[in-house]
Amino acid sequence: MSSLESAPVERPGGVIPVHAAVPGRARLHVAGLRGNDSLKRALEAMLPDRVGVRGADASTITGNVLVSFDPALPLATVIERIERLNGADHAAAAPIRRRAGAHDWHALGAKEVLALLESRRHGLSSDLARERLASRGRNSLPALGGRPRLAMLLEQFESLPVLLLAGAAALSMATGGMLDAAVILSVVMVNAGIGFVTQSSTERIIGSLRLPQQSAALVRRDGGGVSVPADEVVPGDVLALRPGAIVPADARVIVSDALTLDESMLTGESLPVSKTVDPLGADRRLSERVNMVYRSTAVVGGSGLAVAVATGSQTEVGHIQALVGEAQAPETPMQRQLRTLGYQLVWLSGAICGAVFAVGLLRGQGFLRMLKSSIALAVAAVPEGLPTMATTALALGIEEMRRQQILVRRLDAIETLASVSVVGFDKTGTLTENRMSA
């Protein structure tokens, strides 16, 4: 079972296991890691130097660190080492780091929020809104976009068997075997072409499915209600919330008349959430901040006013998008096996070719003749058809999934997907309690 992460309660120096079901691999929440680049660098640089710890990948956005270690090493030992590193850094930094310019808006009164944002209930002036738009930037999220075509093409040449084929072609050309080199290079290009065409087609389909962005937002400017482009909303703008409206920015509610919103896309809760104006405790989690509204959530009932406190990439949706951009696909079993096979071929064929070369010299054969023979043997040892067979099988799998209306973006992901036998879906408990159960 996998576990989706919700933000654990931070305590100074504390390390909380988030997911440790896989031997030798654990995701841990580290108090004070959020927004702390120095602690991130310390964890990633110093943890792998310790005996038994192979690697660490820390995120200052989630406050989590993914640790790869020897399965024989107790998880408690890993946690203890992280706490020691965290303790060394804690003296110089606050236990809980905040994003630059962030406040506990939900813990402040409506008048305090307006004062901090230098705004009023009737909204900003047009001149001040233009100044803030110029200084703060547009209220838009950076497009994730598809992978560049060149990057997708280069990915086809990254596996070790393909690199071995390229090396074999180079050796063939160096020894005058132009025909052999041409055959090997044609195999490499066919392999790359199959993978590139398959992935390009999937990227094109996924790109066509992107939802259109909201075009306009109703705000108060110069004392009256006006409709402005959603990407021109700035902090301090007073948003008019009506049923059917999509919230254009994270905002603090200042007027609520039976206002309810659908926040399922952010919190996973399917029921509408009633909004209030009263300040809340500073320790409330995002799903409990009923005096806040968040970008991309929908108004389903009532009406109200809210003052924008965060726009663009500083919104909660912006942080989620940043996490998506940071995510890296793990290596699949087939990739690991092909890499291992490649290394074995290198060492084994190298040893055999070296032995043939040495025996030939000892038997009085000429140096150049034995060198060509050894190189020819090394070229023959590389399985030219293996990468093409693997790529073709994966491409056929993607086409079959596409016929079932399932899109697979990466060619090598189809192998992992094919090994799935049971899929467990959960929503509320996973996101609000950090527990998944069937």
Side-chain angles (χ1 to χ4, degrees), residues 98-141 212-263 265-266 272-280 284 286 289-319:
R98 303 190 185 281
R99 299 185 302 273
H103 294 271
D104 287 327
W105 299 110
H106 60 282
L108 304 176
K111 291 183 178 179
E112 293 177 271
V113 174
L114 288 169
L116 282 171
L117 294 168
E118 299 179 4
S119 182
R120 298 179 182 179
R121 185 167 294 196
H122 56 70
L124 302 173
S125 67
S126 297
D127 292 338
L128 182 55
R130 280 193 294 268
E131 290 177 10
R132 292 192 179 181
L133 183 62
S135 61
R136 303 289 184 89
R138 291 191 170 271
N139 177 35
S140 56
L141 300 176
Q213 296 294 320
Q214 182 186 0
S215 58
L218 185 62
V219 302
R220 286 188 170 186
R221 295 268 176 92
D222 300 317
V226 295
S227 179
V228 300
D231 63 355
E232 292 184 6
V233 172
V234 297
D237 261 329
V238 174
L239 313 175
L241 305 177
R242 301 288 185 270
I246 303 298
V247 181
D250 290 1
R252 169 67 160 86
V253 178
I254 58 175
V255 175
S256 175
D257 182 10
L259 180 65
T260 56
L261 278 87
D262 176 5
E263 297 183 340
M265 58 81 60
L266 188 64
V273 180
S274 298
K275 295 297 178 179
T276 182
V277 178
D278 301 328
L280 305 169
R284 292 291 184 94
L286 185 143
R289 298 173 188 175
V290 293
N291 58 8
M292 297 287 297
V293 294
Y294 297 99
R295 179 181 177 128
S296 300
T297 58
V299 181
V300 295
S303 61
L305 298 175
V307 57
V309 299
T311 58
S313 59
Q314 296 301 311
T315 60
E316 294 297 333
V317 171
H319 300 148

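Numbering of residues begins at 1 and proceeds along the displayed sequence. What you see below is based on every heavy atom in this structure, not just the backbone, and it leaves out hydrogens, waters and symmetry mates.
Applying the side chain to side chain donor-acceptor pair (under 3.5 Å) test to pairs two or more places apart or on separate chains, those with a residue in residues 124-134 are Ser126-Asp222, Asp127-Arg130. Evaluation of the salt bridge (Lys or Arg N to Asp or Glu O under 4.0 Å) test over residues 241-254, restricted to residues two or more places apart or in two chains, returns none.
No side-chain donor-acceptor contact under 3.5 Å links Arg220 to the backbone of Ala240. The main-chain N or O of Met292 is found under 3.5 Å from a side-chain atom of Lys275 such that the two form a donor-acceptor pair. Side-chain atoms of Asp257 do not come within 3.5 Å of backbone N or O of Gly304 as any donor-acceptor pair.
The side chain to side chain donor-acceptor pair (under 3.5 Å) check on Arg138 picks up Asp231, with sequence neighbours excluded. With sequence neighbours left out, Leu286 forms a side-chain contact (heavy atoms from CB on, under 4.5 Å) with Leu266, Thr267, Tyr294, Glu316. For Ala110, the side-chain contact (heavy atoms from CB on, under 4.5 Å) criterion is met by Ile254, Val277, not counting sequence neighbours. For Arg221, the salt bridge (charged side-chain N to carboxylate O under 4.0 Å, His left out) partners two or more places apart in sequence, or in a different chain, are Asp237. Asp262 is linked by a side chain to side chain donor-acceptor pair (under 3.5 Å) to Ser264, counting only residues two or more places apart in sequence or in another chain.
Residues Ser274 and Thr260 approach most closely at OG-CG2, 3.6 Å, considering heavy atoms. When all heavy atoms of Leu239 and Ala249 are compared, the closest pair comes out as CD1-O, 4.3 Å. When every heavy atom of Arg295 is checked against every heavy atom of Met265, the shortest pair comes out as O-SD, 4.3 Å.
Residues Thr311 and Pro235 are in side-chain contact: their nearest non-hydrogen atoms beyond the backbone lie under 4.5 Å apart.
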So Val299 and Leu259, side chain to side chain contact (heavy atoms under 4.5 Å, CB included) or not? Walk me through it. CA-CA 8 Å; Val299 181; Leu259 180 65; 3.8 Å; yes
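Salt bridge Arg289/Glu263: absent, no basic N to carboxylate O contact under 4.0 Å.
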Side-chain donor-acceptor pairs of residues 111-118 under 3.5 Å, sequence neighbours excluded:
unit_1	atom_1	unit_2	atom_2	d
Glu112	OE1	Gly109	N	3.0

